[in-house]
Amino acid sequence: SIARRLLSAYGMTSADFDCIDRLWSGESGWNVHANNPYSDAYGIPQALPGSKMASAGPNWQDNAETQIKWGLGYIENRYGSGCAAWSYKQAHGWY
């Protein structure tokens, strides 16, 4: 529900949510504390390193909203939309 509420602030629509849901369900299962032991990617969006999310708030290690804000900003800046990020992930195995 947090991600759905924040989408429009990042120029995304409900169609983008479906793509983001597929993306983050696969990356972290929407687990705030998901930690990839191979790369040290962390959190819901699997930021690498996780400390990058500090730019969205000091509580990045434990706060879903902070992680989602950072992740949506990353997607907006790098891919332009959630569905573009999902397409990239499908083609390359990472995003």
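Fair warning: this is a prediction, and the values are worked out from it, not measured in the lab.
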Could you pull out the closest heavy-atom pair between [X] and [Y], with the gap in Å?
X: Ala64; Y: Ile2; value: CB-CD1, 4.3 Å
X: Gly82; Y: Asp16; value: N-OD1, 3.0 Å
X: Glu65; Y: Arg5; value: OE1-NH2, 3.2 Å

Distance check, rounded to the nearest 0.5 Å: [X] atom [atom1] versus [Y] atom [atom2]?
X: Ser28; Y: Asn35; atom1: OG; atom2: CG; answer: 11.5 Å
X: Trp60; Y: Ser51; atom1: CH2; atom2: OG; answer: 5.5 Å
X: Gln46; Y: Leu23; atom1: CD; atom2: CG; answer: 10.0 Å
X: Ile44; Y: Ser25; atom1: CD1; atom2: OG; answer: 10.5 Å
X: Ile20; Y: Leu7; atom1: CD1; atom2: CG; answer: 5.5 Å

Pair listing, side-chain hydrogen bond (donor to acceptor under 3.5 Å, both in side chains) test, anchored in residues 80-89, at least two apart:
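Pairs touching residues 80-89 that pass the test: Glu27-Lys89, Trp86-Gln90.
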
Trp24 vs Trp30 aromatic rings, parallel, tilted or perpendicular, using cut-offs 30° and 60°?
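Rings of Trp24 and Trp30: perpendicular, as their planes differ by over 60°.
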
May I have the step-by-step check of side-chain contact (heavy atoms from CB on, under 4.5 Å) for Tyr79 and Tyr95, ending in yes or no?
CA-CA 9 Å; Tyr79 302 100; Tyr95 85 110; 3.8 Å; yes

Evaluate the side-chain contact (heavy atoms from CB on, under 4.5 Å) criterion for residues Lys69 and Tyr10: first the C-alpha distance (whole Å), next the side-chain angles of each, then the deciding distance (0.1 Å), finally the verdict.
CA-CA 9 Å; Lys69 284 179 178 178; Tyr10 295 89; 3.5 Å; yes

When clusters are formed by joining ILVMFWY residues with side-chain heavy atoms under 4.5 Å apart, either directly or through shared neighbours, do Leu72 and Trp94 land in the same one?
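Yes, Leu72 and Trp94 fall within the same hydrophobic cluster.
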
Counting only N and O atoms by type, is there a donor-acceptor contact under 3.5 Å from the side chain of Gln67 to the main-chain atoms of Val32?
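Between the backbone of Val32 and the side chain of Gln67 there is a qualifying donor-acceptor contact (under 3.5 Å).
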
By side chain to side chain contact (heavy atoms under 4.5 Å, CB included) - contacts of Arg4 (at least two apart)
Phe17

If we only count heavy atoms from C-beta on, is the Gln61 to Tyr42 side-chain gap below 4.5 Å?
yes

